[in-house]
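Some notes on the structure that comes next.
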Amino acid sequence: MEVLLEILKYTLPAIIMFGGVYLILKRFFQHEILRSENERKQSIRHDVFSVRMQAYERIVLLLERISPNQLILRLNKQGMTTGQLQPLLIQTIRDEFDHNLSQQVYVSSKAWDLTKSAREEMIRLINTAAADIDNDEPSTVLAAKILELFTGLEIDPVIRAIEFVKQEARDLF
């Protein structure tokens, strides 16, 4: 019996110490795993935020570039006819839009719908202006007609889309 008590005097404190160290280490490693997971999630959030902000920037740039004022200044060259300018304007709008199709993944459906609507409205405006003008007329006649129709719009679809996209980007903060 005395031998058993002697053995217990040495092994019981060791077992208790081992159990305490085990619990402390277990809690420490759980905390480290949780901290590591939180850092990983924070890093992902930061990366997604950066990509989303770039998408908003690209959408605004797209909208600015399809605005009639910008298009006409950029594309209308001396000696062009209406028949040359109209398809060039429409193709440029389509190319700009197609180049930014992937941005729809990062913006809301409403922002993307407003962007598509602005594109469609600009193409419609160009076609409407060109319908009343002979293809052999100078491109300046078409440019003036497009700008006239554009300024006559009650609501500028490009500005409406830009304002919505900008507000959505601000809401991320």
How far apart are the closest heavy atoms of Leu63 and Ala118, and which atoms are they?
CD2-CB, 3.8 Å
Donor-acceptor contact present, side-chain Ser117 to main-chain Asp113, <3.5 Å
no
State whether the number of non-hydrogen atoms from other residues, nucleotides or ligands found under 6.0 Å of Phe18 atom CZ is greater than 12.
no
Just so I know, are the side chains of Pro157 and Met122 near enough to count as touching, which here means a heavy-atom distance under 4.5 Å?
yes
From Asp95 CG over to Ile90 CD1, what is the distance, rounded to the nearest 0.5 angstrom?
12.0 Å
Applying the 4.5 Å side-chain criterion to the ILVMFWY set and letting contacts propagate, would Leu153 and Ile66 be lumped into a single cluster?
yes
Could you report the tightest heavy-atom contact between Asp156 and Ile159, atom names first, then the distance?
OD2-CG1, 3.0 Å
For Phe164 and Thr115, what are the C-alpha separation, side-chain angles and deciding distance, and is it a side chain to side chain contact (heavy atoms under 4.5 Å, CB included)?
CA-CA 10 Å; Phe164 185 84; Thr115 303; over 6 Å; no
Could you go step by step and tell me if Arg119 and Ile123 meet the side chain to side chain contact (heavy atoms under 4.5 Å, CB included) rule?
CA-CA 6 Å; Arg119 175 202 59 171; Ile123 291 172; 4.1 Å; yes
Could you measure the distance from the CZ atom of Phe28 to the CZ atom of Arg35? Nearest 0.5 Å is fine.
8.0 Å
Taking all heavy atoms of Arg74 and all of Lys77, pick out the closest pair and write down the distance.
O-NZ, 3.0 Å
Could you check if a side-chain atom of Leu88 sits within less than 4.5 angstrom of a side-chain atom of Met80, using non-hydrogen atoms only?
yes
How many angstroms lie between OG1 in Thr92 and CG in Leu75, if you round to the nearest 0.5 Å?
4.5 Å
Does Arg124 pair with Glu120 as a salt bridge, N-O distance under 4.0 Å?
no
Transitively linked via ILVMFWY side-chain contacts under 4.5 Å: Met53 with Leu62?
yes
Flag yes if more than 12 heavy atoms outside Arg27 fall under 6.0 Å of its CZ atom; otherwise flag no.
no
When you measure from the side chain of Ser67 to the backbone N and O of Glu64, does any donor-acceptor pair fall under 3.5 Å?
no
Nearest heavy-atom approach of Gly79 to Gln84 is O-OE1, 4.0 Å
Side chains of Val3 and Glu6: closer than 4.5 Å at any heavy-atom pair?
no
Are Ile146 and Leu71 grouped together when hydrophobic residues (ILVMFWY) are joined by side-chain heavy atoms under 4.5 angstrom apart?
yes
Starting from Leu172, can I reach Ile162 by hopping between I/L/V/M/F/W/Y residues whose side chains sit under 4.5 Å apart?
yes
Which heavy atom in Leu8 sits nearest to a heavy atom in Pro13, and how many Å separate them?
O-CD, 3.7 Å
Roughly how far, to the nearest 0.5 Å, is the OG atom of Ser109 from the NZ atom of Lys116?
9.0 Å
Just how far is it from atom CD of Gln70 to atom CZ of Arg65, taken to the nearest 0.5 Å?
8.5 Å
Flag the pair Trp112 / Phe97 as yes when their ring centroid distance falls below 6.0 Å, and as no otherwise.
yes
Report the C-alpha separation of Gln86 and Asn127 in whole Å, then their side-chain angles, then the decisive distance to 0.1 Å, and conclude whether the side chain to side chain contact (heavy atoms under 4.5 Å, CB included) test is met.
CA-CA 7 Å; Gln86 179 193 8; Asn127 287 332; 2.7 Å; yes
Ignoring hydrogens and geometry, is there a side-chain-to-backbone donor-acceptor pair from Ser43 to Glu39 under 3.5 Å?
no
Spatial distance of atom CZ (Phe29) from atom OG (Ser36) [nearest 0.5 Å]
13.0 Å
Near Glu32 CD, under 6.0 Å, is it more than 12 heavy atoms from other residues, nucleotides or ligands?
yes
Heavy-atom side-chain proximity of Arg58 to Gln103 below 4.5 angstrom:
yes
Donor-acceptor pair between Arg94 and Gln91 side chains, under 3.5 angstrom
no
Do Phe49 and Tyr106 make the cut of ring centroids closer than 6.0 angstrom?
no
Pairing donors with acceptors under 3.5 angstrom, does anything connect the side chains of Gln167 and Asp171?
yes
Ser139 and Asn76: side chain donor to acceptor below 3.5 Å:
yes
If you group Ile, Leu, Val, Met, Phe, Trp and Tyr by side-chain heavy-atom gaps below 4.5 Å, do Phe173 and Val51 land in one group?
no
Sole candidate of Ile126, Ile133, Thr82, Thr128 that passes side chain to side chain contact (heavy atoms under 4.5 Å, CB included) when paired with Lys145:
Ile133
Would you say the side chain of Glu168 lies within less than 4.5 Å of the side chain of Val107, judging by non-hydrogen atoms?
yes
Measuring only between side-chain heavy atoms, which start at C-beta, is Thr81 closer than 4.5 Å to Asn135?
no
